[in-house]
There are 2 protein chains.
Amino acid sequence: MSDLLERLRERGWRLTAQRRVVAEVLDGDHVHLTADEVHARAARRLPEISRATVYNTLGEMVSIGEVIEVATDGRAKRYDPNAHRAHQHLVCAGCGTIRDVHPTGDPLAALPDTERFGFAVSAVEVTYRGLCPDCRSAG
Amino acid sequence: MSDLLERLRERGWRLTAQRRVVAEVLDGDHVHLTADEVHARAARRLPEISRATVYNTLGEMVSIGEVIEVATDGRAKRYDPNAHRAHQHLVCAGCGTIRDVHPTGDPLAALPDTERFGFAVSAVEVTYRGLCPDCRSAG
DNA sequence: TCCTACAATGGACTGCGTCTAAGTCAAGAT
DNA sequence: ATCTTGACTTAGACGCAGTCCATTGTAGGA
């Protein structure tokens, strides 16, 4: 039983087979999957699971902060189950893979008050872009 | 005549009425428009301009580095003509407006070699998120 | 076991963007 | 000034990611 499922149960979630499978897919693997990839893996265990349910479940997990949604350019969003630890992302411009990285310092502190224009700034995302080793050698 | 058009001409671009209008729309106003907003404004001057042309022209400007494409979550991409000066973005979580901001320090330097995993890191985007003054008071 | 509110289904639908085939036109050649 | 040609534009079909909705199913309490 995963920690993720424990935490969901504590929030009073009804524990359905679909939610269990989606949570297991996210929990098992620490790559960053798209919603369709999550659906495909979930369907291996529970063939009749629908896309809408996967979207709903992912959306709920995101809204309670168990999972982070990573929007990469024009492509599909990816879902990052590593929400408990502050981190940023390194995206390959060639193939779209994402790695978690941990820069030094606090990026929020780099934005002076004079540059905040009255906004209540609550979060900062840093995305590093480049080519992964495979895409570098593939040219 | 805008600087932008000058630079495009120097690259051997055929100067069509459509491209001129798209460049003028971007050049005139320094808010960050979506492709459809660019199309709407361009169509005020050149009613028969097509969406495809606006997308093509924007894409070409992005690929030669005259304009920056800003992907904001699930919504439409926005286009930022302020490509000549390094800057980052401050996005309102309520209404989606974007402001250019200038944080202190070099965010690329914050990523140590041990966190680069063999990637050739070439760029970094920093997106600050929060609520703008209007959305704060609107609750 | 039965009830009921919550969850899942699947198919239609929307928004954003891309593609294609055919027509048009800017700009160099004559 | 006119011709020529290949780059550009057009309209609309298409595709993907994601949402919505009416219906059906079911977890978990009484």
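Hydrogens, waters and symmetry mates are skipped; everything else that's a heavy atom, side chains included, is used.
When atom types are taken as modelled, the side chain of R78(A) and the backbone of H32(A) share a donor-acceptor pair closer than 3.5 angstrom. When atom types are taken as modelled, the side chain of E115(B) and the backbone of H102(A) share a donor-acceptor pair closer than 3.5 angstrom. Between the side chain of R19(A) and the main chain of T57(A), no donor-acceptor pair closer than 3.5 Å is present. When atom types are taken as modelled, the side chain of R45(B) and the backbone of V25(B) share no donor-acceptor pair closer than 3.5 angstrom. Side chain of R9(B) to backbone of L15(B): no donor-acceptor contact under 3.5 angstrom is found.
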Pairwise N/O distances under 3.5 Å, protein to nucleotides 26-30 of chain C:
| unit_1 | atom_1 | unit_2 | atom_2 | d |
| --- | --- | --- | --- | --- |
| dA27(C) | OP1 | L15(B) | N | 3.1 |

Got a list of protein N/O to nucleotides 13-15 of chain C N/O distances below 3.5 Å?
none

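The distance between atom CG of L46(B) and atom P of dT10(D), rounded to the nearest whole Å, is 7 Å. Regarding L58(B), its CG atom lies at a distance of 15 Å from the C1' atom of dT9(D), rounded to whole Å. Across the protein-nucleic acid pair, E48(B) atom CD and dG12(D) atom P stand 14 Å apart, rounded to whole Å. Between the CG atom of D36(B) and the C1' atom of dG17(C) there is a distance of 9 Å, given to the nearest Å. Distance CG (L8(A)) to C1' (dA7(C)): 14 Å, rounded to an integer number of Å. Between I49(A) atom CD1 and dT9(C) atom C1' the separation is 11 Å, expressed in whole Å. Taking atom CD on E69(B) and atom C1' on dC16(C), their separation rounds to 12 Å, with Å as the unit. In this structure, L33(B) places its CG atom 14 Å from P of dC16(C), rounding to the nearest Å.
Side-chain atoms of N56(A) lie closest to dT9(C) of the nucleotides dT9(C), dG18(D), dC16(C). Listed candidates were dA11(D), dA8(C), dG18(D). Nearest to the side chain of A35(A) is dG18(D). The nucleotide whose nearest atom lies closest to any side-chain atom of R19(B) is, among dC8(D), dG18(D), dT9(C), dC8(D).
Counting only heavy atoms from C-beta outward, the side chains of V101(B) and V126(B) never approach each other to under 4.5 Å.
There is a path of hydrophobic side-chain contacts, each under 4.5 Å, that joins V62(B) to W13(B). Placement of I64(A) and V70(A) in two distinct hydrophobic clusters is found when ILVMFWY residues are connected by side-chain heavy-atom separations under 4.5 Å, directly or transitively.
Counting any heavy atom pair closer than 4.0 Å across all strands shown, R51(B) reaches a base atom.
Considering only side-chain N and O atoms, Y55(A) lies nowhere under 4.0 angstrom from the phosphate OP1 or OP2 of dT19(D). Here S50(A) does not reach the OP1 or OP2 of dG10(C): none of its side-chain N or O atoms lies under 4.0 Å away. Taking 4.0 angstrom as the limit, Q18(B) places none of its side-chain polar atoms (N or O) nearer than this to OP1 or OP2 of dT24(C).
Atom-to-atom distance recorded for H87(A):NE2 and I68(A):CD1 is 5.0 Å, nearest 0.5 angstrom.
Of the residues near DNA chain D, G12(B) and R78(A), the one whose nearest nucleotide (by heavy atom distance) lies more toward the 5' end is G12(B).
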Please list every donor-acceptor pair under 3.5 Å in which a side-chain atom of residues 47-54 of chain B meets a protein atom from a residue at least two apart or in another chain.
| unit_1 | atom_1 | unit_2 | atom_2 | d |
| --- | --- | --- | --- | --- |
| S50(B) | OG | T53(B) | N | 3.3 |
| S50(B) | OG | T53(B) | OG1 | 3.1 |

